[in-house]
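Positions are given from 1, in the same order as the sequence printed here. Every number for a ligand or one of its atoms is a count from 1 in the order of the listing.
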Amino acid sequence: MILLDGNKLSAVIRKEIGHRVIDFCGKEIRPPHLAAVLIGDNPASQAYVRNKIKACEEVGFASTLIKKPETTTQEELLDIVRGLNEDPKLDGYIVQLPLPRHIKEEEITLAIDPAKDVDGFHPNNFGRMALGMPSFLPATPMGIMIMLDRYQIPTDGKHCVVLGRSNIVGTPIALLMSKKSKPGNATVTIAHSRTQNLSEITRSAQIIIAALGIPHFLKEDMVSPGTCIIDVGINKIEDTSHAKGYRLVGDVDFEKVKYKCSAITPVPGGVGPMTITALLENTWRAFREKK
Ligand code: GUN
């Protein structure tokens, strides 16, 4: 079994990005600059944004964190977004999701300048991705594609089952895996909460991408020997043996499933760091395309 180590691979790629920054930027040219907007105090979102900012420092990017309270209004957030769109010293930015319930996420996404939308969430980018045109790819699916590529996991002609149909992961990764590309060219099934005979479907897969947000959902008996498993889930479960009283687990019952598969991502340390690395790649690209 190959452990698809997102930490190790990210370190390699981030070093490459860091070298690009050193080679390209200097006295005359400022480094790439990413901003992150964080509304409220969702602990998971805070941790994700902190890691994104830290990753910027690691590769020599400039970063700005815009942190606003839970009570921020739709109009105030739209003003922030408009300001970021206009800022010439900024190459890309993200608005961390989920947003508080009183904020209309769709309106915010539509207000983001597609040229700075390094999350690839704007319909311009999502549509271009679906059509196979150059675009910013959403960071998690892009991170998975980079991982499959670098680990040379065969995808051509394979049956790939995606568990989950979110706009951020399930739907875009299904599109990318079915594209005429490498990695890609897979025969893709999207399974979701209404899917019948799920175990039969997952057992017929050679690749499973689990993105449902249910801890330990994918069990040993749902997987055929030799399957490659990508676990996107990051779930907190109570564990009194840990100092914090909880630990992070994926959507896959890792300890049991790992003996059956050909390759698997751990949680934490699998897809998570790759998502941030993909965001850095998108920011680099936004920066270069402006030059
Ligand atoms: N929330 C969970 N994943 C993401 C992501 O990739 N980008 C943003 N902006 N919010 C998220």
Exercise. Would you say Phe121 touches ligand 1, if touching means a heavy atom closer than 4.0 Å?
Worked result: yes

Please state which protein non-hydrogen atom is closest to [atom] and give its distance, to 0.1 Å?
atom	result
atom 10 (N) of ligand 1	Leu97 N, 3.0 Å
atom 6 (O) of ligand 1	Asp119 OD1, 3.8 Å
atom 4 (C) of ligand 1	Gln96 NE2, 4.1 Å

Exercise. Is the number of heavy atoms from other residues, nucleotides or ligands under 6.0 Å of Glu70 CD greater than 12?
Worked result: yes

For this session: Between Val95 and ligand 1, find which residue part has any heavy-atom pair under 4.0 Å and reply side chain, backbone, both or neither.
Result: backbone

Problem set entry | Side chains of Ser63 and His33, donor plus acceptor under 3.5 Å | no

For this session: Indicate whether any N or O donor in one side chain lies under 3.5 Å from an N or O acceptor in the other, for Tyr93 and Asp87.
Result: no

Exercise. Excluding sequence neighbours, so at least two apart, what forms salt bridge (charged side-chain N to carboxylate O under 4.0 Å, His left out) with Glu75?
Worked result: Arg82

Problem set entry | Under 3.5 Å: N/O of Ile94 near N/O of ligand 1 | no

For this session: Go through the steps for His242 and Asp239 under the test side chain to side chain donor-acceptor pair (under 3.5 Å), then give the verdict.
Result: CA-CA 6 Å; His242 278 62; Asp239 186 342; 3.2 Å; yes

